[in-house]
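Chain naming here is simple, since letters A, B, ... match the order of the sequence lines and numbering starts at 1 in each.
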Amino acid sequence: MANNPAASPRVRFAPSPTGYLHIGGVRTALFNWLWARKMGGSFVLRIEDTDQERSTPESVKVILDSLRWLGLDWDEGPEVGGAHGPYFQMQRLSLYEKYAQELIDKGKAYRCYCTKEELAAARESLRKDNPKAQFRYPGTCRHRKDRPDAPYVVRFNMEAVQREAVTYRDLVFGEITTPNREQQDFVLLRSDGVPLYNFGVVIDDLTMGIDLVMRGRDHMVNTPPQILLYEALGVKPPTFAHLPMMLSPKGEKLSKRHGAVSVSEYEKMGYTPGAVLNYLARFGWSCGDQEIFSLEELVDKFSFESLNRSDGRFDAKKFADVAFEHLKEPRLTSDADYSRHLHPFMAARGLGSVDEAMLRKAIGTVRARGRTLADAAERIEFYFRPVVFDDKAKEKFLTPDVVEPLQAMIACLSSLDSFDEGEIEQAIQQLLASRGWEMKEIAQPARVSLTGQKVSPGVFEMLAVLGREESIRRLRQGVQIARGTAS
RNA sequence: GGCCCCAUCGUCUAGUGGUUAGGACAUCGGCCUCUCACGCCGGUAACCGGGGUUCAAGUCCCCGUGGGGUCGCCA
């Protein structure tokens, strides 16, 4: 691309606090964050709370918490402050007022006294006369010289724009040209002085020194009027980069109808932040054939050249696989991180405090099995509580004929010097060889004794995690059941 | 409908004029094996259509077609 981004960019993520943090929004935030981190720039968080109908403080908290959980830290914004604050638009109203006045003074904007009702009526009558026509504000108040004592909005004056079209170079899509006849005298300030999206964004990006605006392609249509606004103010517009959209599996706009779309839902399902970010990063961006990335790798490898232009469809199965890959690989989720992320899921099962050293060893035995943290917690809990027997498992595998092998196993384990997995396996294999038994004969009885279930990690690795004392205790219990002397 | 954008397996994508069109997920076989997994091996599967340009086009151009975005005192 001819337009090179600045060396030390100032980028921003500007969500509106009207609900949860949408994964599409996370992807936008991620790409901005990656670029800032890679280039040593600044990632600014700004809250666009000008929709007073829908904005709530709870949503602000949810969004901030989600970003923190993901690890997308912001250099300036709510709670951390910064030199360009405040970072809530509703606290910047005087700024918008000031710039609006400047535009009015220059003849680039004007007060419009038309009421919503009048506009709605005009829209309606046009629709009746010519259903195909598109309503545009006719500029009724453009040249009014009087200043009635009535509510007004401030509108941009397209008449003051000389050029026929706006052309800009998008970092992803290349040169984009939009004819100005598509624009109209759009509203800058509402009658209550609160700015509309396009005006608020421009004034904030300008005053916050944002030099690269990276956002979803659904905003591409906002770029020309925003550029017109920068020009009317006599300043150079930032560079723009639009991202292809993430659509639903059916190709529609992604919404809650299509499953989980809020980050917190993935947190609850037991996906790690790294996995969420990984999946989202590979959506519209690629790096050769590599699929799995750590956050550090993403920072290192992100570039605009490898951003895609076409929209894609969200694929929950692929996402689930990425989540699993991250849990399997200690490089991506260390034992410490695994343990930390697993904690809430253990707590939910009443295991809020377990021995950390044992937990970490246990994690090693479920990494290749637990597809989510929730799943892992379920698979791991037997280590930390008395055995709960599955009736069918007990009936099928703890029968009188397994008493002897189980007892031999107990004796064998009792005689070991150390109790690590390798040594256990070696000793048991020797036992099997000497008696002419096969592993498959004793594996299920041992497994059911140790876990109560038919499905579990490998017998040797479980013994090593449980330790000699607990292992023998559970095996003895198995023997008792097999003998029929216990139920 | 106007304007803007996009177009490689079902999905995410590699590919920057010359490839048996590669990888991943999903799917289907098989192997490994103490259960379940992991892992490994292999199969099915794609350049939207039509015109150009070129010795040569998935790659460049044009036109269709299809899909998406957007047309508020929402963001």
Side-chain donor-acceptor pair under 3.5 Å between A:T239 and A:Y168, yes or no? no
Which nucleotide wins on minimum distance to the side chain of A:D311, given the candidates B:A75, B:G68, B:U70? B:G68
Looking at B:C12, B:C71, B:C38, which one has an atom nearest to any side-chain atom of A:F324? B:C38
Contact class for A:G251 (heavy atom, under 4.0 Å): base, sugar-phosphate, or nothing? sugar-phosphate
Going by heavy atoms in the side chains, are A:R371 and A:L327 under 4.5 Å from each other? no
Of all the nucleotides listed (B:C34, B:A75, B:C4), which has the minimum atom distance to the side chain of A:M439? B:C34
Given B:A26, B:C73, B:C12, the nucleotide with the shortest approach to the side chain of A:F283: B:C12
Indicate, with a heavy-atom threshold strictly under 4.0 Å, whether A:P224 touches base, sugar-phosphate, or nothing. nothing
Quiz item: A:R447 side-chain donor-acceptor pair to B:C34 base, under 3.5 Å: yes
All N/O pairs under 3.5 Å across the protein-nucleotides 43-50 of chain B interface:
none

Base of B:G68 paired with side chain of A:E252 (donor-acceptor, under 3.5 Å): no
Output all residues satisfying side chain to side chain donor-acceptor pair (under 3.5 Å) with A:H219, sequence neighbours left out; order by chain, then residue number. A:Y197, A:N222
Nucleotide nearest A:R369 (side chain, heavy atoms from C-beta), chosen from B:U70, B:C73, B:C36: B:C36
Within 6.0 angstrom of A:R127 CZ, more than 12 heavy atoms from elsewhere: no
Within less than 4.0 Å of OP1 or OP2 of B:A7, is there a side-chain N or O belonging to A:N308? no
Distance check: side-chain N/O of A:R123 vs OP1/OP2 of B:G72, anything under 4.0 Å? yes
Considering only heavy side-chain atoms of A:L119, the closest of B:U11, B:C73, B:C5 is B:C73
